[in-house]
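Side chains are part of it too, since the values below use all heavy atoms of this structure and drop only hydrogens, waters and symmetry mates. For clarity, every value in this text was computed on a predicted model and none was experimentally measured. Atoms within a ligand are numbered from 1 in the order they appear, just like the ligands themselves.
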Amino acid sequence: MADISVQVLDDGPLLVTGEFDLQDGSGSGMTKDEGRPIALCRCGASENKPFCDGLHKNCGFSSSVKA
Ligand code: FES
């Protein structure tokens, strides 16, 4: 089993931790800092998609997902 975790942050991004490949829509690899978690935007406001750039704090995004 892969050792990857995805945490849905309240009112914010998806925080992805572990070893994984991040690919664009054509399947090409996207650069990321190996070993560092990445935050993927889920509010739609980021100017650096698919990554979170913090703009969720200013766009009124609200989402709290409970397991
Ligand atoms: S979740 Fe952070 S900019 Fe969208």
Give a yes or no answer on whether the side chain of R36 reaches the backbone of T17 with a donor-acceptor pair at less than 3.5 Å. no
How long is the gap from CG on L55 to OG on S46, to the nearest 0.5 Å? 6.5 Å
N, O or S from C43 under 2.8 Å to atom 4 (Fe) of ligand 1: yes
E47, CD atom: more than 12 neighbouring heavy atoms under 6.0 Å: no
C41: numbered ligand 1 atoms lying under 4.0 Å from its heavy atoms: 1 (S), 3 (S), 4 (Fe)
At atom 2 (Fe) of ligand 1, what's the angle from H56 ND1 to C52 SG, rounded to 10 degrees? 90°
Heavy-atom contacts with D53 under 4.0 Å: which atoms of ligand 1 show up? List them by number with element. 3 (S)
Region of K57 engaging ligand 1 - heavy atom pairs below 4.0 Å: neither
Do other residues, nucleotides or ligands put more than 12 heavy atoms under 6.0 Å from the NZ atom of K49? yes
Suppose I only count heavy atoms of P13 and a 4.0 Å limit; which atoms of ligand 1 are within that range? 1 (S)
Write down the atom of A45, the atom of C41, and the distance for their closest heavy-atom approach. N-SG, 4.0 Å
Ligand-side contact atoms (ligand 1) for residue partner L55, heavy atom cut-off under 4.0 Å: 3 (S)
Hey, which of L9, I38, V6 is the one that makes side chain to side chain contact (heavy atoms under 4.5 Å, CB included) with L15? L9
